[in-house]
Amino acid sequence: MRFLQPKDTEKHWDLVVIGSGFGSLFFVHKYLARRPKDQVLILEWGRHNTVNWQFENRANSEIPPEVTYRDKGVRKKWDFTIGLGGSTNSWWALSPRMHPADFRLQSLYGKGVDWPVSYDDLVPYYSEAEEIMTVAGPDDLGSVYPHSVGYPQPPHRLTTVDRLVKAAMPDAHFAIPSARLSRPLGSRGSCCSDASCNLCPTGAKYTALEGMTSLLSHPNVSICVEARVRRLEVQAGAVHSATFTSGDRDHETRGDLFVLGANAIHSPFILQQSGLGGGVVGRYLGEKLLAIAEAKLDGLQHFDGGTGTTAINVSRLDGPHRRERGSAVFLFENNFRYFGLRLEHGRWREILPIVIYIEDVLQKDSGVFDEGGEFPVVRFAGFSDYAINGLNGAVAALPEILKPLPVDDIQFRTILPTLGHVQGTLRMGTSAENSVVDGGQVHHRIRNLVVVGTSVFPTTGSANIALTAAALSLRAADRL
Amino acid sequence: MQILVTRRRLLLALVATGASAAAGAAWTLTADNKSFLAEYLQRLLPNIRFAPGALEDFAADYLAYTSPDRVANIQKLSWIARLIGQRGLDLVLGGNAKVRRFQRTTVSILLVSTDYFSNPDTDEPASYIGLLPDCGRNPFAEFD
């Protein structure tokens with residue numbers, strides 16, 4: 001990798017990229033495929049924390065996310081990773097697509113907004129992202145996610161629990177696609193089912209540092225770490241330069257095209273600090289609701305699958321219920337990290353943890369604000385009734401979903417503080433009045449500014465977000 | 001099963017998570033925690049025989065490795081046990097959901113840190129192998 005000192009960045013680049021997570025790196029991947037001679041500079045706030053550093057420190061970054069914003073609304077955690085590779089370091093690699101209806105929530109169910117991008121628009125880029133990430137998944141998901149024709153790697157082994165549920169509801173219960181290798185590949189081992197995926201011990205998980213070394217080492221890619229971008233300078237309707245702080249000095253770097261991919265809290269703050277706030281910039285901050293339930297099994301031994309989360313149940317993913325309550329997916333956990341094994345002697349494994357993702361409708365009152373300090377202020381209005389209704393509906397559906405299993409008892413356990421799926425603050429849409437960027441993720445007014453990552457998501461859906469962020473970036477770069 | 005999650009209940013849960021962490025910072029680790037934790041775990045697992053020193057070794061590693069918040073909570077349990085004994089602790093807090101979660105996760109970490117699951121049919125006492133820091137380690141996983 002070609003790391004530059006801050007002063008060496010002070011020149012003109014073809015492309016300046018702010019942030020180095022999924023959104024940024026998948027954009028650069030496609031951009032360089034089309035413009036291999038262009039010179040690219042990546043500015044990253046955090047350090048280059050090697051895999052060894054992350055293991056030794058049991059952390060993905062030396063900067064805890066909560067010190068980078070001030071929380072003034074309903075108290076809630078927001079999780080992201082600041083460092084080279086961004087959240088590719090810390091994610092858990094679950095990689096289902098978003099559902100076609102997720103892009104048309106307003107048209108179909110009168111909730112939220114429609115995306116200016118359809119599922120069909122994204123299909124080729126989903127497939128490309130799955131290929132790049134070497135996703136392991138089943139070959140029967142096409143009924144849920146059309147044109148999903150198979151994955152680069154076979155799925156991880158299902159648990160006995162999954163096989164029973166799959167037999168009873170073959171069209172709703174699937175091995176979950178995940179960017180964790182089910183078979184060794186090159187120097188990367190396969191998943192060890194350790195369920196400590198933020199620090200994957202075998203290299204099975206796709207990360208930028210493990211899976212994008214050729215991109216990060218591309219001769220035309222330069223990287224400057226510990227470079228916190230503070231603002232963009234706009235001249236004649238175009239971004240002229242980016243000013244970043246490194247150490248106690250400010251530096252300015254110029255470019256033709258700028259890609260903003262910090263995260264959904266810091267990207268809008270950079271625009272606000274640049275005088276590009278107002279409208280809906282920073283608004284609609286949110287994420288899905290994350291809940292956990294457990295089923296006590298009667299004589300059935302669990303945890304015999306091949307990865308930490310083995311299956312996704314989509315029986316409440318889409319349907320008319322979305323007029324009233326959020327979509328839900330159920331992840332069948334093959335680990336006991338949340339609540340442990342059972343305590344009864346000999347019945348240790350007779351427990352099934354289930355993680356539930358609930359869609360929320362993003363609210364304009366929730367957002368990121370520049371109130372004059374060093375860091376953005378986050379004001380969250382709380383999850384909406386749509387999400388709460390979705391949770392209640394999902395929990396009520398569990399007895400039906402688990403009917404094929406010998407279940408003694410089902411208990412709702414808790415709601416976790418964050419899913420790490422922060423999104424919405426620079427939403428895409430059809431006009432500058434209702435959004436910040438267009439369907440190609442180009443700023444409505446500043447046409448040499450592209451926003452990538454989950455900040456552009458106008459609705460949450462109920463799927464994991466990284467694959468969609470990656471696919472969107474591939475498409476955005478392809479359309480330039 | 002009937003559960004109704006209200007908006008208020010959800011907000012309270014989110015606030016409680018933060019408040020609990022803040023309160024924990026006021027507590028400090030003492031050497032008594034190790035013997036307390038070893039005894040506490042043996043009480044939770046009366047049917048498992050551990051090799052001499054195994055529980056103490058695990059407790060020492062666990063306390064050194066676990067988060068300050070959790071150590072602070074163990075300290076609180078230790079203090080209560082000193083006042084009313086371990087049996088009293090079971091009576092007073094046995095039904096508490098947070099304590100129950102602590103019991104299950106800590107027991108899980110202990111068991112996967114021993115050879116208990118790898119030698120299910122042996123009469124030998126369970127030996128401590130070494131701390132696996134998170135209780136996600138899955139000795140039951142099978143692969144294709």
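Letters A, B, ... are given to chains in the order of the sequence lines, protein chains preceding strands, and every chain is numbered from 1. None of these values were measured; they are calculated from a predicted model.
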Please check if any side-chain donor atom of B/Asp32 sits under 3.5 Å from a side-chain acceptor atom of B/Ser78, or the reverse.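 No pair is found: no donor N or O on one side chain lies under 3.5 Å from an acceptor on the other.
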Within the 3.5 Å criterion, strictly below it, is a donor on A/Asp409 or A/Gln411 matched to an acceptor on the partner's side chain?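 A/Gln411 and A/Asp409 do have a side-chain donor-acceptor pair below 3.5 Å.
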Run the side-chain contact (heavy atoms from CB on, under 4.5 Å) test against A/Arg163 and tell me which residues pass, sequence neighbours left out.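 Residues passing side-chain contact (heavy atoms from CB on, under 4.5 Å) with A/Arg163: A/Arg157, A/Leu158.
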Among [options], which residue has the highest count of heavy-atom pairs closer than 4.5 Å to chain B?
| options | result |
| --- | --- |
| A/Gly306, A/Pro154, A/Ser182 | A/Gly306 |
| A/Thr310, A/Asn389, A/Leu341 | A/Leu341 |
| A/Thr159, A/Thr307, A/Asp304 | A/Asp304 |

Straight-line distance of A/Thr160 OG1 to A/His302 NE2, nearest 0.5 Å: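 Result: 9.0 Å between the selected atoms.
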Relative to chain B, which segment of A/Glu294 carries a heavy atom at a distance below 4.5 Å: side chain, backbone, both, or neither?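 When you check distances to chain B, only side chain atoms of A/Glu294 fall under 4.5 Å.
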Counting neighbours of CZ on B/Arg87 that are heavy atoms of other residues, nucleotides or ligands and sit closer than 6.0 Å, is the number greater than 12?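 Counting neighbours around CZ of B/Arg87, 12 or fewer heavy atoms of other residues, nucleotides or ligands fall under 6.0 Å, so no.
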Pick one of side chain, backbone, both or neither for B/Phe117, based on which atoms fall under 4.5 Å of a heavy atom in chain A.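 For B/Phe117, the side chain is the part near chain A, not the backbone.
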